[in-house]
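Worth saying up front: this structure is predicted, and the values here are computed from it rather than measured. Both backbone and side-chain heavy atoms feed into the values below; hydrogens, waters and symmetry mates do not.
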Amino acid sequence: MRLTRKRLCSFLIALYCLFSLYAAYHVFFGRRRQAPPGSPRGLRKGAAPARERRGREQSTLESEEWNPWEGDEKNEQQHRFKTSLQILNKSTKGKTDLSVQIWGKAAIGLYLWEHIFEGLLDPSDVTAQWREGKSIVGRTQYSFITGPAVIPGYFSVDVNNVVLILNGREKAKIFYATQWLLYAQNLVQIQKLQHLAVVLLGNEHCDNEWINPFLKRNGGFVELLFIIYDSPWINDVDVFQWPLGVATYRNFPVVEASWSMLHDERPYLCNFLGTIYENSSRQALMNILKKDGNDKLCWVSAREHWQPQETNESLKNYQDALLQSDLTLCPVGVNTECYRIYEACSYGSIPVVEDVMTAGNCGNTSVHHSAPLQLFKSMGAPFIFIKNWKELPAVLEKEKTIILQEKIERRKMLLQWYQHFKTELKMKFTNILESSFLMNNKS
C-alpha cells in the first residue's frame, strides 16, 4: 500500500513537471509563431490584397498589440454598416411615384447619364452592343439603355414614360431621329406609351423646324423638349435649354478632382488645342498670341482640318493641357457653345469664353435675354467672358500677377460651381418630368 502511494506521488510530480515545461514553452516561444500563409482566414472573401493593406500595416507595426486582420475586420464592419444604411435608405426613400426609361440614341445621352446623373452602366465597355443602368432621383426611378442593339422594334417596351435622346444636328442624323420619333408615335397610338419627352442635340444654327410637327403644342405627342444651344423656342414651359456637355463621342471621361489638380502649380498660363478655320476668330486669336509672345507661355497646338475622333495619344495630350493650364481659351466655332468649356471645368481650368453670337437663328427668347450661353449666365458661371480676342493680352497680364493660393481658391470655386451646375440640372430635369407626367396622369 505504501509502495502504491509512492508510485502515485511520483506520477503526479512527473505530470506537474511536464505541464510546467509545456507552459514555459508557450510563454517563451509560442508568441514567435506565425500564421501559415495558407490560412483560411487569409483567403476569406472581402480581404484586401497585400498591396492594398501595405499602408495600413506600416502604420500599425509600431503598435505593441498588432492584429494583422484588424484592418480587414474594420472594413467588414464598415461594409455591414454601409449596407444596413443602404437598406434603410431604400426602405424610406425607395418609394417612387414615377418610372421613366431613357433611350440614349445620341452621344449626349452619356453626358446626361454618367456626368449629370452620375449613373453607372453595365457593362462598362463603351463598345458593348447593349448597356443599361438604374438610378433614383426624387420621386422618380430612372432606367437607361443605350448602344447599337437598341433598335426600334427590337427590344421590349414595358414602361409608360420615356425620354428619347436624339441627334438632330445634320440631315443624316435627322433622318435617323425621325425614324425613332415615328416608332414612339406608334407606341403612343397603341397605348404602349403614355408620355414622351425628347432631349435633342439641335442644329448649331438652331434650324430645328423638322421636329416642330412632333411637339404636342403643334398637335404631336412630344410633351417636353430639352434642346441644346440658345434656341429662340425656349420658354421654360414645354421647351427647355439643355447643356452640350463634354465630347463623350471622343471618350472624354468623368473626371474626379484630386489634391494635385487643386493645389499644384500649373506650368502653362493658358491652352488652346483645336482647328483653325480660315478668316475665323480662331485665326485672330492665334495671331494675337504670337504677337505678344504669349504662345510660348501657353500650350498651343493648332491644326487646319477638324478630326472627328481622337487617338489615345491626342486625348491624353488634350487632357494634360487642361490639367496643366490655368486658363482654357474657348473661341467660337459654328456655335458659341462648345465641348471645350465643359471639359475645362472638369479639370479646374478657367474657361476664357468668346461671348459673341454666331450666324444662324439662335438668340434671345421670351424668357432669356442674355444670349449666347444663356444657361451658363443664368447659373452664374465663374468664367472670363470677352467680346474680342484683343482683350486677351490684358487678361494674361493680370493672370501673371495672381499668386498660387488665389488660383487654388479659384479652382475650388470652379469645380464646386460645375458640380452644383450638374446637380441643379438633374433636379430641374426630374422636377419638370414629375410635374408634367404625373399631372397629366391625374387629369
Side-chain angles (χ1 to χ4, degrees), residues 104-112 115-116 163-174 176-178 181 197-212 214-215 217 222 224-250 252 274-275 277 280-282 306 308 330-345 351 353-381 383 385 387 418 421-422 424-425 428-429 432:
K105 294 311 301 177
I108 57 168
L110 294 178
Y111 181 71
L112 179 150
H115 294 251
I116 293 179
V163 175
L164 182 55
I165 302 179
L166 299 172
N167 185 341
R169 180 175 278 187
E170 54 193 40
K171 284 186 178 181
K173 301 295 185 182
I174 290 172
Y176 182 67
T178 301
L181 287 170
V198 169
V199 177
L200 180 67
L201 175 56
N203 177 272
E204 289 176 282
H205 295 293
C206 293
D207 295 329
N208 302 302
E209 293 297 328
W210 66 274
I211 201 172
N212 240 331
F214 294 101
L215 302 183
R217 63 180 179 183
V222 176
L224 302 168
L225 177 64
F226 298 85
I227 193 166
I228 292 170
Y229 302 124
D230 293 294
S231 170
W233 295 357
I234 295 166
N235 57 17
D236 287 348
V237 177
D238 63 338
V239 182
F240 304 86
Q241 189 164 9
W242 193 249
L244 176 63
V246 303
T248 54
Y249 74 97
R250 289 182 171 177
F252 192 91
T275 308
Y277 304 108
S280 69
S281 68
R282 296 184 177 199
W306 179 72
C330 303
V332 300
V334 180
N335 193 281
T336 311
E337 187 176 1
C338 61
Y339 299 113
R340 193 187 318 274
I341 299 173
Y342 299 87
E343 292 159 352
C345 290
V353 182
E354 185 179 8
D355 185 18
V356 297
M357 284 299 306
T358 51
N361 296 319
C362 302
N364 291 326
T365 70
S366 58
V367 291
H368 297 290
H369 307 282
S370 55
L373 307 173
Q374 296 172 129
L375 191 58
F376 287 135
K377 293 172 182 176
S378 66
M379 297 184 71
F383 303 163
F385 293 97
K387 293 294 184 182
Y418 186 46
F421 173 79
K422 292 184 288 185
E424 283 290 303
L425 284 170
K428 180 180 178 181
F429 183 80
I432 291 168

Just so I know, are the side chains of [X] and [Y] near enough to count as touching, which here means a heavy-atom distance under 4.5 Å?
X	Y	value
L375	W242	no
F252	Y342	no
V163	F429	yes

Could you check whether atom NZ of K377 has more than 12 heavy atoms from other residues, nucleotides or ligands sitting under 6.0 Å from it?
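Yes, enclosed.
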Tell me which one of T336, V332, N335 satisfies side chain to side chain contact (heavy atoms under 4.5 Å, CB included) with P372.
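For P372, the side chain to side chain contact (heavy atoms under 4.5 Å, CB included) test succeeds with only one of T336, V332, N335, which is T336.
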Under 3.5 Å, side chain of [X] to main-chain N/O of [Y], donor-acceptor pair present?
X	Y	answer
T365	W233	no
N203	E170	no
R169	E204	no
T178	I174	yes
E354	S281	no
D230	Q374	yes
N208	I211	no

What do the steps show when you test F383 against F376 for ring pair (Phe, Tyr, Trp, His ring centres under 6.0 Å), and what is the final call?
CA-CA 9 Å; F383 303 163; F376 287 135; 5.1 Å; yes
Could you tell me if K387 sits above the aromatic ring of F385, with its cationic atom closer than 6.0 Å to the ring centre and no more than 45 degrees from the axis?
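No, a cation-pi geometry is absent between K387 and F385.
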Does the plane of the ring in F226 sit parallel, tilted or perpendicular to the ring in F240? Use 30° and 60° as the thresholds.
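Parallel: the ring planes of F226 and F240 meet at under 30°.
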From H115 atom NE2 to L110 atom CG, the distance as rounded to the nearest 0.5 Å:
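H115 atom NE2 to L110 atom CG measures 7.5 Å (nearest 0.5 Å).
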Spacing of SG belonging to C330 relative to CG belonging to D355, to within rounding of 0.5 Å:
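One gets 12.0 Å once the value is rounded to the nearest 0.5 Å.
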With sequence neighbours excluded, what pairs up with A107 under the side-chain contact (heavy atoms from CB on, under 4.5 Å) test?
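Partners of A107 by the side-chain contact (heavy atoms from CB on, under 4.5 Å) criterion, ordered by chain and then number, come out as T248, Y249.
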In chain order, what residues pass the disulfide bond (SG atoms under 2.5 Å apart) check against C362, with sequence neighbours excluded?
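If we apply the disulfide bond (SG atoms under 2.5 Å apart) test to C362, skipping adjacent residues, the hits are C206.
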